[in-house]
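Below, chain A is the first sequence line, B the second, and so on; all start at residue 1.
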There are 2 protein chains.
Amino acid sequence: MKLEKITSGRSYDDACATAHALDLIGERWALLVLRELMLGARRFGDLRASLPGISANVLTQRLEGLESAGIVRRRKLSPPASVQVYELTAWGAEAEPIVLALGRWAVRSPWHDPSLPLSPVALMLSFRAKFDPARARRVRVSIGFRFGDETFSVMVRDAALTTARADFGATEAQVSGAPGSVAALIYGKVRLEKLERQGALAVTGDRRMLQRFVDLFELPSKADTST
Amino acid sequence: MKLEKITSGRSYDDACATAHALDLIGERWALLVLRELMLGARRFGDLRASLPGISANVLTQRLEGLESAGIVRRRKLSPPASVQVYELTAWGAEAEPIVLALGRWAVRSPWHDPSLPLSPVALMLSFRAKFDPARARRVRVSIGFRFGDETFSVMVRDAALTTARADFGATEAQVSGAPGSVAALIYGKVRLEKLERQGALAVTGDRRMLQRFVDLFELPSKADTST
DNA sequence: CGGCATCCGGGAAGATACTG
DNA sequence: CAGTATCTTCCCGGATGCCG
């Protein structure tokens with residue numbers, strides 16, 4: 001099968017693998033769809049809600065293209081759920097370093113505006129992108145996050161960070177609020193007390209553990225565009 | 001200044017840094033322009049020649065956008081050259097991990113076609129992408145490459161690889177031919193003797209050193225799109 | 001010739017309405 | 001809820017021409 005038929009876009013006709021990657025996932029919205037699938041299967045409507053601005057027909061096209069390229073798979077959940085979801089193939093999941101590399105680079109952009117809407121998955125992935133193992137040695141914490149009806153757990157131990165969709169369950173501290181408010185706490189270094197007073201965040205459990213987690217991350221430095 | 005004015009494209013309006021990266025370098029051809037600038041300043045015509053299929057007006061637009069975003073800078077070479085070139089800013093050069101991550105991922109694509117045209121810079125960057133320090137311990141080689149009138153040198157020592165535009169000069173072996181033929185030698189594991197017999201490559205210097213370099217790289221494995 | 005503006009055709013993206 | 005159909009807008013790509 002010809003490549004143009006797979007993504008139904010134009011090909012760069014370049015043997016360079018980077019160019020080929022752009023043939024596969026370089027179309028508008030494609031990489032953000034992958035981002036939203038990085039933490040597990042999602043429904044069509046979930047994806048639409050997490051990608052403000054995408055229209056239904058474009059999302060349909062992207063999912064079709066990614067599916068025929070072997071990056072995304074559609075699956076029907078077993079009854080009684082019987083609902084259709086989209087998930088990454090093993091190869092699709094291997095695109096995570098691309099998503100993280102893009103984030104690490106652009107967070108230093110002078111034009112980056114952290115006040116825009118932020119999806120829960122995007123926030124969770126940002127932890128993976130900015131996590132510094134050297135800084136996390138000897139730190140052992142587990143934090144739960146709740147955004148609406150989505151919950152996640154983040155664990156730091158043995159200088160490694162793991163993120164997953166999971167119950168608050170066995171975490172040491174739990175945070176509820178908007179993803180952007182959590183970002184303000186961690187990356188903007190806004191004081192937790194202030195965010196609680198504003199009603200932006202609600203915390204239960206061991207607050208000192210949460211602060212220990214926050215201190216794992218530093219303020220991103222802005223890039224030098226003059227040299 | 002509003003972001004939309006910088007790249008003159010549409011914005012994702014997403015606080016996620018990955019989305020912002022796509023605002024900056026997600027337009028068609030943008031990342032390939034960066035790729036071609038990764039190994040040093042280039043002229044407009046050089047870029048056009050290395051990016052078959054790009055039209056002059058699109059290249060102009062991309063260069064303008066990347067320049068106003070602080071990723072690319074245009075510079076006038078001092079006389080007597082007095083010619084205009086484009087080069088990466090310090091921040092633009094930091095996008096290299098993105099280019100390499102895309103390449104590492106897509107080289108495993110079932111649809112990747114290595115027989116398409118390949119630019120010299122793309123080949124040189126592929127060395128950086130696929131270099132395995134563990135495999136290169138105790139190896140110390142320097143190879144020169146010539147593609148038309150462009151020459152590069154690659155050095156491996158102390159489990160590190162360095163690539164640069166440079167004379168053949170002090171390298172131990174020198175290779176001339178098309179970038180695709182070098183790729184066939186290194187990634188396709190086509191025998192050097194065969195490529196020489198076909199007239200695809202010409203080698204001078206210590207052939208054993210060249211073979212030692214070739215052996216640093218392994219055949220890329222194809223991805224699993226079924227699980 | 002290098003760099004860039006202009007015009008145009010085709011096609012992808014965006015918005016909205018509609019259907020099972 | 002999960003898409004499809006339709007229409008509009010705008011980007012991409014190709015051709016041409018201008019200017020230093």
Return the nearest nucleotide to the side chain of [X]; candidates are [options].
{"X": "V83(A)", "options": "dA2(D), dG14(C), dG14(D)", "answer": "dA2(D)"}
{"X": "F44(A)", "options": "dC12(D), dG14(C), dG3(D)", "answer": "dG3(D)"}
{"X": "R10(B)", "options": "dC12(D), dA13(C), dA5(C)", "answer": "dA13(C)"}
{"X": "R43(A)", "options": "dA2(D), dA5(C), dG3(D)", "answer": "dA2(D)"}
{"X": "R28(B)", "options": "dG2(C), dC12(D), dG14(C)", "answer": "dC12(D)"}
{"X": "R62(B)", "options": "dG3(D), dG13(D), dC11(D)", "answer": "dC11(D)"}
{"X": "Y86(A)", "options": "dC12(D), dA2(D), dG3(D)", "answer": "dG3(D)"}

Would you say [Y] and [X] are linked by a side-chain donor-acceptor pair, where the criterion is simply a distance under 3.5 Å?
{"X": "D224(B)", "Y": "T227(B)", "result": "yes"}
{"X": "Q84(A)", "Y": "R74(A)", "result": "yes"}
{"X": "R42(B)", "Y": "S50(B)", "result": "yes"}

Spacing of [X] atom [atom1] relative to [N] atom [atom2], expressed in whole Å:
{"X": "L22(B)", "N": "dC11(D)", "atom1": "CG", "atom2": "C1'", "answer": "17 Å"}
{"X": "L59(A)", "N": "dG3(D)", "atom1": "CG", "atom2": "P", "answer": "8 Å"}
{"X": "N57(A)", "N": "dA15(C)", "atom1": "CG", "atom2": "C1'", "answer": "8 Å"}
{"X": "R42(B)", "N": "dG3(C)", "atom1": "CZ", "atom2": "P", "answer": "12 Å"}
{"X": "E27(A)", "N": "dC12(D)", "atom1": "CD", "atom2": "P", "answer": "13 Å"}
{"X": "I54(B)", "N": "dC11(D)", "atom1": "CD1", "atom2": "P", "answer": "16 Å"}
{"X": "K76(A)", "N": "dC1(D)", "atom1": "NZ", "atom2": "P", "answer": "16 Å"}
{"X": "Q61(A)", "N": "dT6(D)", "atom1": "CD", "atom2": "P", "answer": "15 Å"}

Inset, instruction - By nearest nucleotide on DNA chain D, pick out whichever of A56(A) and V58(B) is the more 5' one. - result: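 It is A56(A), whose closest nucleotide lies nearer the 5' terminus.
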Inset, instruction - For Q84(A) and for Y12(A), find the nucleotide of DNA chain D with the closest heavy atom, then tell me which residue's nucleotide is more 5'. - result: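 Nearest nucleotide further toward 5': that of Q84(A).
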Legend entry - Phosphate contact (dG2(C) OP1 or OP2) by R48(B) side-chain N/O below 4.0 Å: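 For dG2(C), neither OP1 nor OP2 has a side-chain N or O of R48(B) closer than 4.0 Å.
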Inset, instruction - Would you indicate, yes or no, if dA12(C) has its OP1 or OP2 atom less than 4.0 angstrom from a side-chain nitrogen or oxygen of W29(A)? - result: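 Answer is no, no contact under 4.0 Å.
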Inset, instruction - Step through it carefully: locate the ring centre of F213(B), locate the ring centre of F127(B), and say whether they are under 6.0 Å apart. - result: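 Centroid separation for F213(B) and F127(B): below 6.0 Å.
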Legend entry - Cation-pi geometry met for R146(A) and F152(A) (6.0 Å, 45°):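 So R146(A) doesn't make the cation-pi contact.
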